[in-house]
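Read through the structure below, which is laid out as structure tokens, and then see the notes.
Reminder, nothing fancy here: chain letters follow the sequence lines and each chain counts from 1. Basis for what follows: all heavy atoms, side chains included, without hydrogens, waters or symmetry-related copies.
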2 protein chains.
Amino acid sequence: MEHPVRFGETSVMTEQLSPASLASQGAEHPGEHPGEHPGEHQGAHPAPLPAHELRSDARDNRDRILQVARKVFAEKGIDVSMREVARRAEVGPATLYRRFPTKEALVTEAFREQMAICTAIVDDGLADPDPWRGLSGAIEQVCVMHAQDRGFTAAFVSAFPQAVDFAQERSRALRSLAELIRRAKESGGLRRDVVLDDVVLLIMANSGIRATSRQAAVAASRRFVALQLRSISARPDDGPLPPAVRLPLMAAIH
Amino acid sequence: MEHPVRFGETSVMTEQLSPASLASQGAEHPGEHPGEHPGEHQGAHPAPLPAHELRSDARDNRDRILQVARKVFAEKGIDVSMREVARRAEVGPATLYRRFPTKEALVTEAFREQMAICTAIVDDGLADPDPWRGLSGAIEQVCVMHAQDRGFTAAFVSAFPQAVDFAQERSRALRSLAELIRRAKESGGLRRDVVLDDVVLLIMANSGIRATSRQAAVAASRRFVALQLRSISARPDDGPLPPAVRLPLMAAIH
DNA sequence: GCCGAACCGGACGGGGTGTTCCATGTGAAC
DNA sequence: GTTCACATGGAACACCCCGTCCGGTTCGGC
């Protein structure tokens, strides 16, 4: 079962966090509280983010922005400017900022779904009667997800400490993963000297893979994961690996 | 507008290549030719880079710039601005640009030595009577090098196609590596289904590892490589792994 | 010590980014 | 249909960076 995904990128933006990111900290989660109409007019992030009762046009814009953001983050990584997102969504910068007071907010919201998919993948693995199969499948799927979506990878690893719900979701996924690892060891599928950090290390390393195209990245990731699984499996099956992939670095050697 | 292509895009500095990078292309390697005194006055990159016969103060500055650049690139990666390098070297931007007409030039020059070390490592491995030991040692050393110096990693993988001698050196290293792999397979130490691209993949993946400190990164890298070697070894020894490392991502799970 | 060439760094114009202000437009409740 | 709070986009702010020009400084040969 394939989850829909996108990609990620490396580095940065960590240093570009706005001064306002702190301000947006104190605000409560929007929640479902009806009748919550703070009469403040705009300018300087009035309320963090109203829930889903926006005016129809505003709601449309919000949706379009998120859609565009997800796409462009996946293609070019997380470093694309807010302005470009606004441009592509055919929206003024102010509109973008009223919905997402900060770039961090936009990124967090854009990847909330994928983050959830991530945990879902792990939970799926947990549901598998064969823990080793569940674990290896989960690892592969998560890695492929990262290979497809540069932005998600960046968001995942660089991981704004501020974005609370992001961290929460990740924390949940990690807990499930830990349990899955425990079971996989118990069942004899996973080597006993492998720990949770190793699996995270592996996923992190996977994000270092660069290729010329998204397909190539996925293929490379598949091969990489297959190799990885050999190294952590208690009884490696020695079956054939996915095909090797020619990497960009190799161009020089013709 | 399509990128001039080559390598794995991934942003970073790709968009910051100066227009002058082309100009610096045509120029010959400075070489040792004495009596090469183009009387042009400065402004707009007069000669690419005079060799080692600068005025004493200029030479001092050049050395200091390179020293600072290496340090700051290692710490913060390749994305630091030219201005910051200049500031840290206590030099005006103009001075920096006069010595290194382009950021690419600075990076290339800063990492020339490390690049050479890289090939030396591989050649050392080639000299080892036990090809498998030579290969695994080389892999570990290169990976540790990358873990210690983020900038070098970036320079290595993103790899300006323009920087000819850089590419040459890397190409040389790759050729040696290929030979080392061939021998390791022949000697029965390396699995037969592993190819050169896999080792490169592995090194690339290693560069995805992030940690809270340089020591942690090195430790994580060591563990990672040990796992890797298990997956490509024809007869994994099952010995103890280097210690596991707590990764930054894990902070959330306390 | 002189003097010219080599060298220096501050400052400039052009461009980009994250974010906010404000005058204008518009959905929707009455 | 009127009304007004909400929504909008262009312009603007403050900052940073890039690569270059220019007037002043310093090296080093004479």
With sugar-phosphate meaning primed atoms plus P, OP1 and OP2, does [X] contact a base, only sugar-phosphate, or nothing at under 4.0 Å between heavy atoms?
X       : result
A:Ala94 : base
A:Glu90 : sugar-phosphate
A:Arg59 : nothing

Is the shortest side-chain N/O distance from [X] to OP1 or OP2 of [N] below 4.0 Å?
X       : N      : result
A:Ser56 : C:dG27 : no
A:Asn61 : D:dT8  : yes
A:Tyr97 : C:dT20 : no
A:Arg62 : D:dA7  : no

Can you identify which nucleotide, out of [options], has its nearest atom closest to the [X] side chain?
X       : options                : answer
A:Arg83 : D:dC13, D:dT8, D:dG19  : D:dC13
B:Pro93 : D:dT20, D:dA11, C:dG18 : D:dT20
B:Thr95 : C:dG18, D:dT8, C:dC8   : C:dC8

Determine, for B:Arg88 against B:Glu75, whether the closest basic-nitrogen to carboxylate-oxygen distance falls under 4.0 angstrom.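 Answer for the salt bridge query: yes.
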Taking B:Asp79 first and then B:Lys103, would you say they form a salt bridge - that is, a charged N and a carboxylate O separated by under 4.0 Å?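 Not counted as a salt bridge, because no side-chain N and carboxylate O are separated by less than 4.0 Å.
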Gap between atoms CZ and P, on B:Arg98 and D:dC22 respectively (whole Å):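 These atoms are roughly 14 Å apart.
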Between P of D:dA7 and CZ of A:Arg64, the distance in whole Å: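 So the CZ-P distance, A:Arg64 to D:dA7, works out to 15 Å.
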In terms of the angle between their ring planes, are B:Phe152 and B:His146 parallel, tilted or perpendicular, with boundaries placed at 30° and 60°?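 The arrangement is perpendicular - the two ring planes meet at more than 60°.
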Look at the side chain of B:Arg55 against the base of C:dC7 and say whether a donor-acceptor pair falls under 3.5 Å; ignore hydrogens and angles.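 Absent.
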B:Val122 vs B:Leu174, side chain to side chain contact (heavy atoms under 4.5 Å, CB included): CA-CA, chis, key distance, verdict: CA-CA 9 Å; B:Val122 178; B:Leu174 284 175; over 6 Å; no
When you match B:Glu84 and A:Asp57 each to their closest nucleotide on DNA chain D, which lands nearer the 5' end?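 It is A:Asp57, whose closest nucleotide lies nearer the 5' terminus.
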